[in-house]
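Here the structure comes first, spelled out in C-alpha cells, and everything after it is commentary.
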Amino acid sequence: MPHDHHDHDHFHHEGMSPSGHPYRADNDGPLTYWQRMEIAIRELLIEKGQLTPAEISGQIDAMDARSPANGAAVVARAWVDPAFKARLLSDAASASREMGFDIGPLNLIAVENTPQTHNLIVCTLCSCYPRNLLGLPPDWYKTREYRSRAVREPRAVLQEFGLDLPDTVTVRVHDSTADMRYIVLPAQPEGSEDMTEAELADLVTRDSMIGTGLPRQP
Amino acid sequence: MSDWNGRRWHDMGGQAAGPVPMDGHDFALWEKRVDALMVLCGQKGLFTVDGLRRALEDMGEDAFDTMSYYERWVAAVNQNLLETGAYSIEELGTRMDEIATRGPTYAEAQNG
Amino acid sequence: MAERVRVKTLMPPGHVRAPWYLRGKVGVIERRLGAFHNPEQLAYGLPAAKKPLYRVRFTMADIWGNEAENPSDTLDAEIYAHWLEEADTHAT
C-alpha cells in the first residue's frame with residue numbers, strides 16, 4: 001500500500017487531538033494576513049454585540065468534544081441492539097440524539113455495509129461531512145484527489161486505503177451534494193460476538209464510518 | 001473568442017487526479033476560531049453555509065491551490081459579513097492594520 | 001416526479017448543488033427527503049423557498065458508460081426537484 005494510513009486512524013492514540021490528528025504547533029509563527037483578518041472579524045463582531053467571547057470559546061469546546069468516538073458508540077450500539085439499529089437506519093439523527101449526542105441540526109443518513117455491499121462517503125462539491133457527530137473531517141477527505149476520484153474509481157481509491165474489495169461486493173458511493181450527511185454502519189467483525197458494547201466501540205475507526213476502512217479485528 | 005463547458009473549478013467529481021495524500025494535521029487555535037465564527041454567524045442568521053460555499057467557489061481555483069483551508073474560509077466569512085453589512089471595509093482595514101502593531105506572532109496579537 | 005429521472009443539462013454559472021458529472025445522466029429515485037430551502041437563493045442572501053429534494057441512484061455505467069470502473073457499482077446523490085426531469089421525455 002502506497003501510504004501508511006494506520007498512524008492517523010487511532011483517535012484514542014496518545015498525543016493525538018480529539019479529531020485524531022497530531023497536535024499542531026501554532027501561535028508562534030509570524031502573524032499572517034489571514035490571521036489578522038480572523039482577529040479583526042472576531043473583535044468587530046464582539047464590539048458590535050453580534051457575538052460574545054464566551055460563545056466563541058463555547059463553540060470551539062463543542063467542536064473539540066465531537067470525535068469519531070461518538071460515531072463509534074453509535075455503531076457499537078447498533079451492533080448489540082437490533083431495535084436501535086433499525087431506528088438508526090430509518091433516522092440516524094434521531095438515533096444519535098437518543099444516545100445523548102448534541103448534533104445540532106444535522107440531517108444524518110446511516111448506510112449499512114453487508115457481505116454484498118460496501119458504502120463510501122464523499123463530497124465532490126466541497127467538504128460536507130457529519131462533523132456534528134464525528135468532529136472535523138480528516139485532511140484527505142477535503143483533497144482534490146479524493147473528491148475527484150471517489151465517484152469515478154472508488155475501488156482504486158479504496159485500494160490506496162488498503163481495502164481490496166472482491167467483485168462480488170457492490171460499492172455504493174454517496175455524494176453529499178445537498179442537505180444530508182452520511183455515516184457508514186460497518187459490518188461487525190467476526191469473532192467479536194462476545195465483546196461488550198464498550199469493547200466493540202474500540203474496534204470502530206473513523207475511516208470505517210466514512211467507508212475508506214474496516215473496523216479493527218478483535 | 002472563447003467557449004466553456006460550464007463546469008466550475010470546485011465541481012471536481014470524476015476529474016482525473018493523482019493518489020490521495022494521506023498526511024493530516026490538527027487545527028491551530030486561529031483555525032478553530034474561524035470555524036466557530038462560521039457556525040455562530042450561521043446560527044445568528046448573518047449568513048448561511050451556502051453563502052460561505054458561494055464565496056469559496058467565487059474565489060477561484062488559484063485560491064484552492066495556494067491558500068490553506070481555513071485561510072479560504074476566513075476570506076469567505078469576511079466576504080459574507082461585508083455583504084451583509086456587519087462591519088465596513090474601512091473598519092476591517094483599520095483594525096487589521098492596528099493588529100499588525102501588537103506583535104510579530106498570533107499569540108501576541110490574538111486578543112483572546 | 002417519476003421514478004426514473006434525468007438530471008437537467010443546464011449549465012448556469014453561480015452556486016448550484018447538482019454536480020456537473022451528473023448533468024444529463026439518468027437514475028432512479030432512491031428516496032424522497034422532504035423539502036429544503038433552496039441553496040441557490042440562500043447562497044446570495046436571498047429569500048429561499050423550500051424545494052423538494054431527492055436521493056437519486058445511478059449505476060456507474062449510467063454515469064461513465066464503457067469507462068466505468070465496475071458498471072454495477074452505484075452512486076447516490078441528492079438532487080433538487082428543479083434539477084430533475086422525467087427520464088422518458090427530452091430523450092437525447
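Since this is a predicted model, take the numbers as computed values, not measurements. Quick note on labels: first sequence line is chain A, next is B, and so on, each numbered from 1. All values below come from the heavy atoms of this structure, side chains included, with hydrogens, waters and symmetry mates left out.
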Test side-chain contact (heavy atoms from CB on, under 4.5 Å) applied to A:His174 and C:Leu75, step by step: CA-CA 6 Å; A:His174 305 270; C:Leu75 182 290; over 6 Å; no
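- With a 4.5 Å cut-off on non-hydrogen atoms, C:Val16 touches chain A through its backbone but not through its side chain.
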Derivation of the side-chain contact (heavy atoms from CB on, under 4.5 Å) call for C:Asn70 and A:Asp167: CA-CA 8 Å; C:Asn70 187 313; A:Asp167 288 344; 3.9 Å; yes
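- Here A:Val151 is the residue among A:Thr170, A:Thr124, A:Val151 with the most heavy-atom pairs under 4.5 Å with chain C.
- Rounding to the nearest 0.5 angstrom, the gap separating the CD1 atom in A:Ile109 from the CD atom in C:Glu30 is 7.0 Å.
- In this structure, the side chains of C:Asp73 and A:Arg155 come closer than 4.5 Å at one or more pairs of heavy atoms.
- When heavy atoms are compared at a cutoff of 4.5 Å, C:Pro39 does not approach chain A at all.
- Residues A:Arg152 and C:Met60 have side chains not in contact (no heavy-atom distance under 4.5 Å, counting atoms from C-beta outward).
- For the atom pair CE of A:Met180 and CZ of C:Arg31, the computed distance is 7.5 Å after rounding to the nearest 0.5 Å.
- Atom-to-atom distance recorded for C:Leu33:CG and A:Asn107:CG is 8.5 Å, nearest 0.5 angstrom.
- The candidate from C:Phe58, C:Phe36, C:Tyr80 with the greatest count of non-hydrogen atom pairs under 4.5 Å with chain A is C:Phe36.
- Contact count against chain C (heavy-atom pairs under 4.5 Å) is highest for A:Pro154 among A:Pro154, A:Ala156, A:Cys126, A:Ser176.
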Pair A:Asp179-C:His37, side-chain contact (heavy atoms from CB on, under 4.5 Å): steps then yes or no: CA-CA 9 Å; A:Asp179 294 84; C:His37 294 288; over 6 Å; no
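- A distance of 9.0 Å separates CG in C:Asp76 from CD1 in A:Ile121, rounded to the nearest 0.5 Å.
- With a threshold of 4.5 angstrom between heavy atoms, C:Tyr21 approaches chain A through side-chain atoms but not through N, CA, C or O.
- The part of A:Val169 that comes within reach of chain C is its backbone (N, CA, C, O), which places non-hydrogen atoms under 4.5 angstrom from that chain.
- Remark: the A:Arg172 side chain and the C:Thr74 side chain contain an N/O donor-acceptor pair separated by less than 3.5 Å.
- The number of heavy atoms from other shown groups lying within 6.0 Å of CD (A:Glu47) is above 12.
- A donor-acceptor pair is defined here as one N or O able to donate and one able to accept, closer than 3.5 Å; such a pair exists between the side chain of A:Thr177 and the backbone of C:Glu78.
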